[in-house]
Amino acid sequence: MTEYCPNCGNKVDDDGEFCIHCGYSLVDKKRTFNTLHIILIALVILIAIVGGILAYSSFSETKTVDIGIATFECSKDLNFTLAETDDEMGYKSFENPTGTYSVKIWDFSNVDMLYYYTGQYLVDYIKTFPSFNVDGIIVYNATDYMENNETYTYTSIINENMTLVYVSTPNLNETATITKSFHLK
């Protein structure tokens, strides 16, 4: 690439430090020029990354839900609120407005022994129901046990540190998505 002196306009050597015609220093100008290019390129890359993240999140079909004691992924259109709580049993229930999607959590780590053994019984009982493997998650069909007794409701169990979690949805894939991404805080 042919370069010209910014002071006198004559042709200069690419690696020259001074213009041979007028003596103008070319070193500082080249550094400033290169530094400016690096900063602009970094800025363009940063803007592209941020734009990509924003575009991905707006086109993503799932969202992260934070229910205070846990987080999970679910369909964008689902909203969960606290529906029921019983501190003696360590129970909290989160549902969507129609009640067709629910996440029920029993924390048996701080309850008396009766509730602890009740939790163990529930885990063993639900494991007797037919199960499906969806995305590596075992989903139990516990429709006989559910209060609404609707055939489209499925329940999945996670048992972490004496915490029992039921995820009930009318869709096996949604149940698997919630269960797979479920994290207690």
Side-chain angles (χ1 to χ4, degrees), residues 46-185:
L46 180 64
I47 290 170
I49 290 171
V50 170
I53 291 170
L54 291 174
Y56 173 77
S57 65
S58 67
F59 292 115
S60 175
E61 294 181 10
T62 62
K63 69 177 179 181
T64 301
V65 175
D66 187 342
I67 55 174
I69 58 176
T71 60
F72 57 86
E73 297 286 320
C74 69
S75 295
K76 261 187 157 177
D77 57 342
L78 289 177
N79 294 309
F80 287 84
T81 57
L82 183 62
E84 190 178 347
T85 181
D86 183 341
D87 292 334
E88 186 178 341
M89 283 184 58
Y91 172 74
K92 293 191 183 325
S93 174
F94 300 87
E95 296 180 352
N96 72 328
T98 62
T100 53
Y101 292 80
S102 67
V103 175
K104 298 177 182 186
I105 303 168
W106 285 268
D107 180 4
F108 293 109
S109 62
N110 295 321
V111 298
D112 63 34
M113 292 305 278
L114 174 65
Y115 291 126
Y116 177 85
Y117 287 114
T118 302
Q120 287 297 326
Y121 171 76
L122 286 173
V123 169
D124 293 340
Y125 179 64
I126 288 177
K127 286 184 177 181
T128 65
F129 293 124
S131 63
F132 305 90
N133 189 326
V134 182
D135 282 344
I137 299 296
I138 297 175
V139 179
Y140 295 92
N141 182 346
T143 54
D144 293 337
Y145 182 72
M146 302 300 289
E147 297 92 25
N148 58 6
N149 202 25
E150 303 212 14
T151 58
Y152 62 84
T153 303
Y154 292 87
T155 303
S156 178
I157 300 172
I158 304 170
N159 193 354
E160 291 181 6
N161 301 325
M162 283 313 299
T163 302
L164 177 64
V165 180
Y166 292 165
V167 177
S168 301
T169 78
N171 178 304
L172 278 174
N173 290 325
E174 187 75 52
T175 301
T177 298
I178 291 172
T179 305
K180 198 171 198 172
S181 64
F182 192 90
H183 295 287
L184 289 166
K185 291 183 177 181

message = Please check this pair: side chain of Asn96 against backbone of Thr100, looking for a donor-acceptor N/O pair closer than 3.5 Å.
response = yes
task = State, with a plain yes or no, whether a side-chain heavy atom of Ile67 is found less than 4.5 Å away from one of Ile105.
result = yes
task = Sequence neighbours left out, what passes side-chain hydrogen bond (donor to acceptor under 3.5 Å, both in side chains) with Asp77? Give chain and number order.
result = none
request  = Only counting residues at least two apart or in another chain, list the ones meeting side-chain hydrogen bond (donor to acceptor under 3.5 Å, both in side chains) with Thr81.
outcome  = none
key: Electrostatic pair Lys92:Asp86 at N-O distance under 4.0 angstrom   = no
Worked verdict on Ser75 versus Glu174 for side chain to side chain donor-acceptor pair (under 3.5 Å) = CA-CA 7 Å; Ser75 295; Glu174 187 75 52; 2.3 Å; yes
inquiry  = Is the shortest side-chain heavy-atom distance between Val103 and Tyr166 below 4.5 Å?
reply    = no
ask   = Does some side-chain heavy atom of Thr169 sit less than 4.5 Å from a side-chain heavy atom of Ile178?
value = yes
Minimal non-hydrogen separation, Val167 against Thr175, with atom names = O-CG2, 3.7 Å
request  = Could you tell me which residues satisfy side-chain hydrogen bond (donor to acceptor under 3.5 Å, both in side chains) with Ser93, sequence neighbours excluded, listed by chain and number?
outcome  = none
inquiry  = Taking ring-ring contact (aromatic ring centres under 6.0 Å, His included) as the definition, give me every residue that meets it alongside Phe80, ordered by chain and number, with sequence neighbours left out.
reply    = Phe72
Donor-acceptor contact present, side-chain Lys63 to main-chain Leu78, <3.5 Å = yes
inquiry  = Please enumerate all residues that pass side-chain contact (heavy atoms from CB on, under 4.5 Å) together with Ile47, with sequence neighbours excluded.
reply    = Leu43
request  = Please round to the nearest 0.5 Å and tell me the distance separating atom CD of Glu84 and atom OH of Tyr91.
outcome  = 4.5 Å
ask   = Which residues satisfy the side-chain hydrogen bond (donor to acceptor under 3.5 Å, both in side chains) test with Thr64, sequence neighbours excluded?
value = Glu73
